[in-house]
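First the structure, in the form of structure tokens, and then the observations on it.
The residues of the chain are indexed from 1 along the displayed sequence.
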Amino acid sequence: MTATSAAMSLASGEPPINFAAHQIRAGNVAGARDDFEQMLAMLIAAIHPGARAIAANPGDWGIDVLLGELSGLIVVWQSKYFWPVVTRSSRAQIRESFDSALAAAQRNGYRVDQWILCVPSSMDPPTAQWWDTWRARRQRETGVAIELWHETVLRNLLIKPDSADVRRHFYDPYTPAPGPRVALHALDPDTATELERALFVRQLRAAGHVELAGAKYEFFNAELLAREILDKALPREIEALREADGVVHGIWEAHFNEAYQRREANPRLHGLHAQVMRDIRESAAFPVALAAGPVHRCGLMHRVVQDRRAGWVPHWRAIAVEEQP
């Protein structure tokens with residue numbers, strides 16, 4: 001069953017399960033990790049009575065939730081809020097979490113029978129291939145059964161009758177009080193002409209884009225927003241700007257890696273820009289302290305490109321180091 005069909009299994013009128021809700025509830029990614037872990041503890045306890053969360057004090061022995069006794073054989077659930085996609089950058093954390101759980105078991109006199117990684121998203125193709133290879137090898141080496149609860153598995157569990165209270169508590173519609181939005185400013189013709197020489201425009205031209213007035217407008221307003229935040233130098237707003245930068249960069253990276261794998265049939269990565277911007281506009285992951293709307297958010301993506309950290313074609317790095325015309 002796909003994530004879409006799992007969501008459609010809900011009764012008519014019930015909301016779909018969106019794991020970005022943890023970021024809305026918590027207000028930032030760090031808080032979302034804790035919120036997601038709390039959801040997992042409640043979900044697992046609903047499915048497996050007797051399962052319990054383990055507090056980190058100072059360490060948690062590589063266990064977020066366990067079933068069994070720490071004097072014998074246990075099942076371990078490990079929570080990782082990888083969002084919006086599980087990519088290559090997550091592999092080291094996965095390996096370290098598994099090794100930590102087994103090392104703690106050896107030190108403290110119990111045995112891990114099964115280790116389950118829980119993530120609110122799906123793996124990109126290279127990471128899925130790595131996972132399958134790593135999982136098979138480590139199962140042979142350790143004798144521990146390794147399982148993955150990705151977004152589809154979690155949705156299927158959350159729509160079961162025993163999990164109804166957990167689903168309602170964490171995923172029923174929740175909307176924070178709307179905060180003030182930063183005003184948008186018109187882009188004058190002279191500035192629009194100057195922006196034609198900007199790197200983010202050259203990257204879009206390289207990808208075959210013709211009409212760029214909207215992109216320039218987005219970039220211009222995002223620049224004004226960023227300058228105002230940096231001038232005011234309020235730590236909360238600066239941190240929100242950094243987090244938003246990480247959100248848009250992460251969305252681009254996930255989609256770029258996926259499109260790059262398919263580049264043989266689509267060498268210019270057509271559709272990449274549209275998909276990235278669509279996800280940025282619809283994402284619930286942006287910190288509320290930023291007070292930014294969809295135009296500013298898309299403009300933040302153009303700022304990442306302007307900073308030579310992203311692009312829209314496979315050879316975007318080569319374009320980034322070219323001399324300005």
Side-chain angles (χ1 to χ4, degrees), residues 3 19-20 22-23 26 28-41 43-44 47-48 51 53-56 58-68 73-108 110-158 246-247 249-258 260-261 285:
F19 294 110
H22 296 284
Q23 297 178 54
N28 54 54
V29 174
R33 295 190 189 101
D34 292 336
D35 198 60
F36 179 67
E37 185 176 326
Q38 291 175 29
M39 183 281 295
L40 280 175
L43 172 63
I44 295 163
I47 300 169
H48 298 285
I54 297 297
D60 56 11
W61 292 4
I63 303 169
D64 288 328
V65 182
L66 73 83
L67 181 65
L73 197 63
I74 67 168
V75 177
V76 171
W77 283 266
Q78 177 67 55
S79 169
K80 291 292 183 185
Y81 192 80
F82 296 139
W83 184 265
V85 178
V86 187
T87 64
R88 182 184 185 89
S89 61
S90 304
R91 299 180 191 180
Q93 291 189 52
I94 295 171
R95 289 192 298 263
E96 290 168 6
S97 293
F98 180 75
D99 292 343
S100 175
L102 266 60
Q106 185 174 15
R107 286 195 311 269
N108 296 287
Y110 57 89
R111 190 157 59 88
V112 177
D113 181 56
Q114 185 177 17
W115 185 83
I116 303 169
L117 174 66
C118 303
V119 297
S121 52
S122 297
M123 294 181 173
D124 64 18
T127 307
Q129 183 181 49
W130 167 83
W131 166 266
D132 292 343
T133 303
W134 175 84
R135 173 179 174 271
R137 176 173 58 83
R138 294 300 281 152
Q139 285 189 144
R140 288 194 305 269
E141 294 171 346
T142 64
V144 176
I146 301 174
E147 190 174 340
L148 174 65
W149 285 12
H150 50 72
E151 58 179 323
T152 305
V153 174
L154 291 174
R155 286 191 177 96
N156 283 332
L157 293 172
L158 283 161
V247 169
H249 200 184
I251 291 173
W252 168 85
E253 184 177 86
H255 285 299
F256 180 87
N257 287 336
E258 184 179 4
Y260 191 83
Q261 297 297 318

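- Environment of CD in Q129: sparse, with no more than 12 heavy atoms of neighbouring residues, nucleotides or ligands closer than 6.0 Å.
- Between W83 and V119 there is no side-chain heavy-atom pair separated by less than 4.5 Å.
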Chi angles and distances behind the side-chain contact (heavy atoms from CB on, under 4.5 Å) call for L157, W149: CA-CA 10 Å; L157 293 172; W149 285 12; 3.6 Å; yes
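- Atoms CD and CG, on Q114 and L73 in that order, are 10.0 Å from each other to the nearest 0.5 Å.
- Interatomic distance, E253 CD to Y260 OH, rounded to the nearest 0.5 Å: 14.0 Å.
- The two residues A101 and G62 come nearest to each other via the heavy atoms CB-O, 3.6 Å.
- S122 and E151 get closest at one heavy-atom pair: OG-OE2, 2.6 Å.
- Each of H22, K80, Q23 was scored for a side-chain contact (heavy atoms from CB on, under 4.5 Å) with F36, with one residue passing: H22.
- Here the side chains of W115 and E147 are not in contact, with every heavy-atom distance at 4.5 Å or above.
- Scanning both residues, G68 and I74, for their nearest heavy atoms gives C-CG2, 4.0 Å.
- For the pair V76/L67, no side-chain contact is recorded, criterion being any heavy-atom separation below 4.5 Å from C-beta on.
- Annotation for L43 and L158: closest pair CD1-CD2, 3.9 Å, computed over non-hydrogen atoms.
- Using a distance-only test at 3.5 Å, with no hydrogens or angles considered, a donor-acceptor pair links the side chain of T127 to the main chain of R88.
- In this structure, W131 has its ring center no closer than 6.0 Å to that of H150.
- The closest donor-acceptor contact from the side chain of S97 to the backbone of Q93 lies under 3.5 Å.
- Here the rule is side-chain contact (heavy atoms from CB on, under 4.5 Å) with V75, and of I116, I44, V144 only I116 fits it.
- Looking at R138 and I146, their side chains come closer than 4.5 Å, going by heavy atoms from C-beta outward.
- Residues W134 and Q139 have side chains not in contact (no heavy-atom distance under 4.5 Å, counting atoms from C-beta outward).
- When all heavy atoms of F19 and P120 are compared, the pair lying nearest together is CD1-O, 3.4 Å.
- With hydrogens and angles ignored, the 3.5 Å screen pairs no side-chain donor or acceptor of Q78 with any backbone N or O of D64.
- A donor-acceptor distance shorter than 3.5 angstrom exists from the side chain of N108 to the backbone of A104, with no hydrogens or angles considered.
- Taking 4.5 Å as the limit, some side-chain heavy atom of R91 sits within range of a side-chain heavy atom of P126.
- Looking at S90, its side chain never comes within 3.5 Å of a backbone N or O of V86 through a donor-acceptor pair.
- Note: L117 CG to M123 CE = 6.0 Å, rounded to the nearest 0.5 Å.
- Summarising the geometry, atom CD belonging to Q261 is positioned 7.5 Å from atom CG belonging to N257; distances are rounded to the nearest 0.5 Å.
- Ion pairing of R33 with E37 is absent here, as no side-chain N (NZ or NE/NH1/NH2) approaches a carboxylate O to less than 4.0 Å.
- With contacts defined as side-chain heavy-atom distances shorter than 4.5 Å, the pair I54/V65 does not qualify.
- Atom CZ in R111 sits 11.0 Å away from atom OG1 in T142 (nearest 0.5 Å).
- Rounded to the nearest 0.5 angstrom, F98 CZ and R135 CZ are separated by 11.0 Å.
- The environment of CD in E141 is crowded: more than 12 heavy-atom neighbours from other residues, nucleotides or ligands sit within 6.0 Å.
- Between the S121 side chain and the F82 main chain, a donor and an acceptor come within less than 3.5 Å of each other.
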Show the numbers, then the answer: is there a side-chain contact (heavy atoms from CB on, under 4.5 Å) between Y81 and D35? CA-CA 9 Å; Y81 192 80; D35 198 60; over 6 Å; no
